[in-house]
J.: 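Structure incoming, see below.
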Amino acid sequence: MNYAKKDDEADGGLFANLDRSTALQEARVFNETPINPRKCRATITKILYLIYQSEVLQTKEATETFFSLTKLFQNQDIPLRQAVYLLIKELSTVAEDVIMVTASLSKDLTSKSEISKANAIRALCKITDASMIQGIERFLKQAIVDKNHAISSAALVSSLHLFGNSKDVVRRWANEVQESVNSKSGITQYHALGLLYQIRQHDRMAVIKLVQGLSRGTMRSPFAYCMLVRYAAKIMDEEEGARSMYESLEGWLRHRNEMVVYEAARAICNMRDVTSKELFPAVSALQLMLVSHKPSLRFAAIRTLNKLALTHPGAVAQCNLDMENLITDTNRSIATYAITTLLKTGNEASVDRLMKQISGFMSEISDDFKIIVVDAIRSLCLKFPAKQSVMINFLSGILRDEGGYDFKRSIVEAIFDIIYHIPESKEYALSHLCEFIEDCEFTKLGVRILHLLGVEGPKSATPSKFIRYIYNRIILENATVKAAAVSSMGHFAVECADLRERIRVLLTRALDDNDDEVRDRAALFLIVTSSEELCEKFLRLGDTFSWPTLENGLVNYLAHPEMQRAPFDISAIPTISREQEEAEKQRFAAAQAAAANSAADGKFATVSSGAPGSGIVDAKKAYAAAMEKIPQLAMLGPIFKSSKKVDLTESETEYVVSCVKHVFAGHLVFQFNCRNTINDVLLENATVSMTVEANDDGLVGKLQLEGTVPAGKLAYDIPGSIYVVYKRNGGVSPVGRPATFGNTLKFVVKDCDPTTGEADEEGYEDEYLLEDLELITADFMLPTVTIDFYNKWEQMGEQHEQIETFELSAVPSVKGTWNRLKNYRSSTLFH
């Protein structure tokens, strides 16, 4: 015992007082004659340790050390040579003239030592740039097909690193890489498959053939099979509704390696528009893993089933018995996922039993897993509203337990959702929240709860019982919470006439507070509640500004001194209802959750980090900012709606053109984004000629061409924009059939020098036919968010209803049919 302790101390103190200057001074040992391999290895180890501890070497220091290191190639000691290779790779990014060591490394490529040869390949590829790769191409091609798996894998991995800068050269090695895929070594197959996919990834048919060819069981490596499963899943994800690879995925569910089986099951569970029939074999495979003796396998299976239960609870329900046995698992992470999955798949009768089991281990798990449990309970409460009292009791209980801010916030938001969706739970839930703010340590949560009390409390059956809790916050809390409490109490005074005079007495006391904000809010509500007329006016202020638009307007106002001669026009900022604002927040939160789930599954998803809906607003701002700089467009007013980009050419053509449609109050602007992909041609005075075809609405006579803003020059690979402006007489828009526009790109072509970009003085006129562009009703419509959709729909009456019949026999599911309908009308109109 004591010996082990001393040994640990000795190991820990080996580099305890090591600094950069000491280690670099010791590097002089590299110049000694004869070379001492043991001393040199120790010194190299110290330098590597410093580098791995984020110690930064100056360029001069790294260069001197590097050239001293090259002298060690004179010694044939293999362990020393391996250490030299490691340090060369680390110094190659800092030192100068590292290319000087190429000759020594190239010599090692022909070494009889397999270890030296593999390491030399890695080091040489690390210091080789794109201009020198052809010099070692022959060695790498030979190494890729080498019978020794260490050499072959080293060459394949090095080729993967080189592929980013030398794609054309590495693509020439496709035959050798294909031969390595059939190697008997599993690790060589794995690396070869990864490189072969990189070479062929832009050729979709080649990737399909690759996956189909290797899915017949010719590979030995389970890692390679896992990669193959992911490629197959990606192919299906890119094919809308296709199932070309499903049979292969189902076949891999019977693979002898558990890792491959799990990867295939997860891929099937993540398929778009997957049906219960398609899910059955995957869920059965995951069910077998739930009883595995390996904790990692049980965790992976229950985590996948937990996510699947969100969309297909019925398919997961067959595993309920096995999941109940996992509640007592010694691994609390597995137990947490088991209980939350059961909450999603269980029925109303099992709620009480599950809640008792949850209470038993909540204190044993971390806050991250507690948040998962809280989210599952929230979903279950919305699913079974009759059990809301049980759920609220449980949530309020854990709300008073120890925990961090994120955990407490998740509980508060869960209670908020229950209040929002289950009105009968409002008073009971608000009472529990009032008790929580009596001892709340988080200011943000206190402010949010006080705001909710101000909004919902006056509407309850007995609003007076909440006043005491709110007033206590004015006496006992910090300035931020005090201000929120004053506003909350002010709302009670405005909406509850029978409590108004008593609340005014309490607000008068707040006028003596030390904080300005608290005094100002108290004074405001005292003035508002002084007359019934002001109270009614205050209640009618239900709308709020569109914050992204307001921010853009203020920034624009401050950026232009000439605009500051007049006061800022707040009336130009559109307003939205509180319901719309809340719905946008929920939609943004749902998008964030979807992005987090996609990231957890290895998929790429991006969500704007700004305000809700900020991605659309930011694009609109960019278009508006570009048009403000053009005098002919600056006077058209604010943009009502900008459509999505529509491609009018293929991406591989010589001229790439796309179009964005902008709708204004009295005008229609087509923005053609153009890019010239020919490096020895310059396009000047580029315009687009548009012709409107007739349709049933008589749109041709009501759209009047006002002008075109040409693109002055379109140089190689530099995008430019062309604007075509139509006047909408009488605010016309297509109602029936879409209006179709024929488009022709016209320009003057001038030859130019690809290197200097200088163009000839003389040119000639030419034109390029573009695809037709459709103008549809959805281009003139913005989505309207409403909370109570059913009642709003009924109030509109039958005169606004249109019934159409569609035959969508090729769509396999209701969800697929809905997606097809959205694409037909407009994805922005359906939510």
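Values below: every heavy atom of this structure, side chains too, minus hydrogens, waters and symmetry copies.
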J.: Is the shortest side-chain heavy-atom distance between Lys645 and Gln671 below 4.5 Å?
T.: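 With C-beta onward as the side chain, the pair stays apart.
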J.: Is the NZ or CZ atom of Lys370 positioned over Phe407's six-membered ring, under 6.0 angstrom from the centre and within 45° of the axis?
T.: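 Here Lys370 passes the 6.0 Å and 45° test against Phe407.
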J.: Would you compute the distance between atom CG of Leu50 and atom CG of Leu18 and round it to the nearest 0.5 angstrom?
T.: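 Between atom CG of Leu50 and atom CG of Leu18 there are 4.5 Å.
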J.: What's the separation between atom CG in Leu550 and atom OH in Tyr557, rounded to the nearest 0.5 Å?
T.: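 With rounding to 0.5 Å, CG (Leu550) is 13.0 Å from OH (Tyr557).
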J.: Looking at Arg20 and Glu61, is there a salt bridge between them, counting it only when a charged N and a carboxylate O are closer than 4.0 Å?
T.: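 Salt bridge between Glu61 and Arg20, a charged N being under 4.0 Å from a carboxylate O: yes.
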J.: Please name the pair of heavy atoms, one in Val211 and one in Ala232, separated by the smallest distance, quoted to 0.1 Å.
T.: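 Val211 and Ala232 have their closest heavy atoms at CG1-CB, 4.0 Å.
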J.: Decide yes or no for Glu654 and Thr677: does some side-chain heavy atom of the first lie under 4.5 Å from some side-chain heavy atom of the second?
T.: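 Yes, side chains in contact.
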J.: Examine Lys46 relative to Tyr49 and say whether NZ or CZ is less than 6.0 Å from the centre of the six-membered ring and inside a 45° cone about the ring axis.
T.: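 Output no; distance or angle outside limits.
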J.: For the side chain to side chain contact (heavy atoms under 4.5 Å, CB included) test, which of Lys209, Gln178, Met205 pairs with Arg200?
T.: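 It is Gln178; the other options fail the test.
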J.: Under 3.5 Å, is there a donor-acceptor pair linking the side chains of Gln198 and Gln201?
T.: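 Yes.
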J.: Got Ile144 and Glu179 here, is their nearest side-chain heavy-atom distance under 4.5 Å?
T.: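 Not touching, per the 4.5 Å side-chain cut-off.
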J.: Indicate whether the side chain of Asn673 and that of Ser721 have a donor and an acceptor atom separated by less than 3.5 Å.
T.: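 A pair is found: one side chain offers a donor N or O, the other an acceptor, under 3.5 Å apart.
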J.: Report, as yes or no, whether the 6.0 Å neighbourhood of atom OH on Tyr190 holds more than 12 heavy atoms from other residues, nucleotides or ligands.
T.: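 No, not enclosed.
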J.: If we only count heavy atoms from C-beta on, is the Arg172 to Glu137 side-chain gap below 4.5 Å?
T.: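 Contact flag for Arg172/Glu137 side chains = yes.
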J.: Would you check if Phe747 and Tyr655 make a side-chain contact, meaning some heavy-atom pair closer than 4.5 Å?
T.: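 When only atoms from C-beta onward are counted, Tyr655 and Phe747 do touch, with a gap below 4.5 Å.
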J.: Could you check if a side-chain atom of Tyr623 sits within less than 4.5 angstrom of a side-chain atom of Val660, using non-hydrogen atoms only?
T.: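 Contact flag for Tyr623/Val660 side chains = yes.
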J.: Could you tell me whether the side chains of Tyr225 and Ser215 share a donor-acceptor contact shorter than 3.5 Å?
T.: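 Ser215 and Tyr225 do not have a side-chain donor-acceptor pair below 3.5 Å.
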J.: Applying ring-ring contact (aromatic ring centres under 6.0 Å, His included), can you list everything that pairs with Tyr405, at least two apart in sequence or on another chain?
T.: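 Only Phe442 meet the ring-ring contact (aromatic ring centres under 6.0 Å, His included) criterion with Tyr405.
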J.: Which is it for His149 and Ser183 under the side chain to side chain contact (heavy atoms under 4.5 Å, CB included) test, yes or no, and what are the steps along the way?
T.: CA-CA 9 Å; His149 66 86; Ser183 170; 5.9 Å; no
J.: Could you measure the distance from the OG atom of Ser68 to the CD atom of Glu64? Nearest 0.5 Å is fine.
T.: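 CD of Glu64 is found 7.5 Å from OG of Ser68.
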J.: Taking the side chain as everything from C-beta on, heavy atoms only, tell me whether Leu196 gets closer than 4.5 Å to Leu210.
T.: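 Sidechains of Leu210 and Leu196: in contact.
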J.: Can you tell whether the side chains of Lys234 and Asp237 come within less than 4.0 Å, N to carboxylate O?
T.: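 Looking at Lys234 and Asp237, the cut-off is not met.
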J.: Tell me, with the steps shown, if Lys294 and Glu258 meet salt bridge (charged side-chain N to carboxylate O under 4.0 Å, His left out).
T.: CA-CA 11 Å; Lys294 299 179 181 178; Glu258 294 169 334; 2.9 Å; yes
J.: Applying side-chain hydrogen bond (donor to acceptor under 3.5 Å, both in side chains), can you list everything that pairs with Asp717, at least two apart in sequence or on another chain?
T.: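 Expected list: Arg675.
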J.: Is any side-chain heavy atom of Gln189 less than 4.5 Å from a side-chain heavy atom of Phe223?
T.: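 Answer no - side chains too far apart.
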J.: Rounded to the nearest 0.5 Å, how far apart are OH of Tyr231 and CE of Met236?
T.: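 Output value for this atom pair is 16.0 Å.
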J.: Tell me whether Glu26 is salt-bridged to Lys39, with the criterion being a basic N under 4.0 Å from an acidic carboxylate O.
T.: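 No, this pair does not count.
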J.: Could you tell me the separation between the CG atom of Leu682 and the CD atom of Glu758, rounded to the nearest 0.5 Å?
T.: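 Leu682 CG to Glu758 CD: 11.5 Å, rounded to 0.5 Å.
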J.: Does Glu96 come within less than 4.0 Å of Lys60, counting only side-chain N to carboxylate O?
T.: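 No.
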J.: I'd like a table of donor-acceptor pairs (distance under 3.5 Å, sequence neighbours excluded) in which one partner is a side-chain atom from residues 77-90, with atom names and distances.
T.:
from	atom 1	to	atom 2	distance (Å)
Asp77	OD2	Arg41	NH1	3.3
Asp77	OD2	Leu80	N	3.0
Arg81	NH1	Asp108	OD1	3.1
Arg81	NH1	Asp108	OD2	2.9
Arg81	NH2	Phe73	O	3.0
Arg81	NH2	Asn75	O	2.7
Tyr85	OH	Asp108	OD2	2.3

J.: Could you give the distance from CG (Leu683) to NZ (Lys713), rounded to the nearest 0.5 Å?
T.: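 Here the interatomic distance stands at 12.0 Å.
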